[in-house]
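Data first, discussion second: the structure below is written as structure tokens.
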Amino acid sequence: MKMSAVISDNIGQYPSTTGEDKAATLECIRRAQAGDVAAFETLYREHSSRIFALCLRLKGGDRSEATELMQDAFVRAWRRLSTFRGDSAFSSWLHRLAVNTMLENARTEKRRVARVLSMEDISALPGAARSSGIDLKMEMEEAVASLPKGARTAFVLHDIEGYQHQEIAEQLRVSVGTVKAQLHRARRLLRDKLDGSPEVKKQ
């Protein structure tokens with residue numbers, strides 16, 4: 001069975017978290033690590049929904065690019081499955097792999113794409129106190145999409161995805177100071193944008 005037959009644009013349901021299901025997942029991982037493609041297909045169906053949701057956020061709501069990123073992440077997961085040792089949850093391992101895949105792909109991309117961030121909780125972000133609901137969400141999406149690439153990446157990974165400064169620095173291959181500077185810049189630009197200051201300019 002070819003991997004293309006396993007990794008498609010069909011998104012499964014969110015997996016349940018019972019002890020029995022966790023045991024079944026570990027068994028699937030063990031079988032997949034031994035080369036069982038059918039077992040990996042089961043893992044794909046169990047985890048594709050959450051990974052797709054993450055990819056959709058990373059790709060600014062573009063479903064086509066999110067699907068492509070998800071497929072790429074699962075291909076890499078298959079190739080690197082032997083490196084999974086169970087030190088963390090399999091879902092966490094996949095999550096980090098998807099983020100790393102996006103960052104690696106971004107380093108080689110020459111074209112610029114419009115990104116619209118879909119955020120579940122924007123109440124604590126700069127400028128959120130002055131409005132709410134759909135209007136605020138649209139404003140935030142537009143403001144984040146207008147950020148310069150470096151600032152936007154730092155903001156998404158730190159403030160949205162919850163990565164630490166050191167983790168982001170290692171993934172982006174820059175200094176911690178650079179990450180903090182980009183994050184500070186992103187927050188300042190977002191605050192200015194939402195407060196009605198001059199438009200954010202991409203650089």
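Atom CZ of Phe52 sits about 10.0 Å away from atom CG of Leu69, to the nearest 0.5 Å. Between atom CH2 of residue Trp93 and atom OG1 of residue Thr83 there is a gap of 4.5 Å, rounded to the nearest 0.5 Å. Atom SG of residue Cys55 and atom CZ of residue Arg50 lie 14.5 Å apart, to the nearest 0.5 angstrom. Gln182 contributes atom CD, which lies 11.5 Å from atom CG of Leu157 (distance to the nearest 0.5 angstrom).
Here the side chain of Ser48 pairs a donor or acceptor atom with the backbone of Tyr44 at under 3.5 angstrom. A donor-acceptor pair under 3.5 Å is formed between the side chain of Gln33 and the backbone N or O of Phe84. Judged by distance alone, with hydrogens and angles left aside, the side-chain atoms of Thr178 form no donor-acceptor pair with the main-chain N or O of Val174 at under 3.5 Å. A donor-acceptor distance shorter than 3.5 angstrom exists from the side chain of Arg152 to the backbone of Leu147, with no hydrogens or angles considered.
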Residues Val37, Trp78; criterion side chain to side chain contact (heavy atoms under 4.5 Å, CB included); working and verdict
CA-CA 9 Å; Val37 177; Trp78 168 254; 3.8 Å; yes
Would you check, one step at a time, whether the test side-chain hydrogen bond (donor to acceptor under 3.5 Å, both in side chains) holds for Glu46 with Thr25?
CA-CA 9 Å; Glu46 288 180 349; Thr25 295; 3.3 Å; yes
The test is side-chain hydrogen bond (donor to acceptor under 3.5 Å, both in side chains); show your working for Ser64 and Thr67 and say whether it passes.
CA-CA 5 Å; Ser64 176; Thr67 298; over 6 Å; no
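A 4.5 Å side-chain heavy-atom check between Leu94 and Phe74 finds at least one atom pair inside the cut-off. Side-chain contact between Arg187 and Asp159: present, with at least one pair of heavy atoms (C-beta onward) separated by less than 4.5 Å. Contact annotation: the side chain of Val99 approaches that of Tyr163 to within less than 4.5 Å [non-hydrogen atoms, C-beta and beyond]. Considering only heavy atoms from C-beta on, His95 comes within 4.5 Å of Leu54 through its side chain.
Closest approach of Phe155 to Leu183, counting heavy atoms only: CA-CD1, 3.8 Å. Of all non-hydrogen atoms in Ala154 and Ile168, the two that sit nearest each other are O-CD1, 4.2 Å. When all heavy atoms of Thr101 and Arg76 are compared, the pair lying nearest together is OG1-CD, 3.4 Å. When all heavy atoms of Ala143 and Lys193 are compared, the pair lying nearest together is CB-CG, 3.6 Å. Residues Ala32 and Leu81 come closest through the heavy atom pair CB-CD2, 3.3 Å. Of all heavy-atom pairs spanning Thr42 and Cys28, the tightest one is CG2-SG, 3.7 Å.
Looking at residues two or more places apart in sequence or on another chain, you find a side chain to side chain donor-acceptor pair (under 3.5 Å) between Glu27 and Arg30. A search for salt bridge (charged side-chain N to carboxylate O under 4.0 Å, His left out) contacts involving Arg80 returns nothing, not counting sequence neighbours. By the salt bridge (charged side-chain N to carboxylate O under 4.0 Å, His left out) test, Arg188 is found to be paired with no residue, residues two or more places apart in sequence or in another chain being considered.
Using a 4.0 Å cut-off between a side-chain N of Lys or Arg and a carboxylate O of Asp or Glu, Glu167 and Arg96 qualify as a salt bridge.
Among the candidates His165, Gln164, Glu170, the single residue satisfying the side-chain contact (heavy atoms from CB on, under 4.5 Å) test with Val176 is His165.
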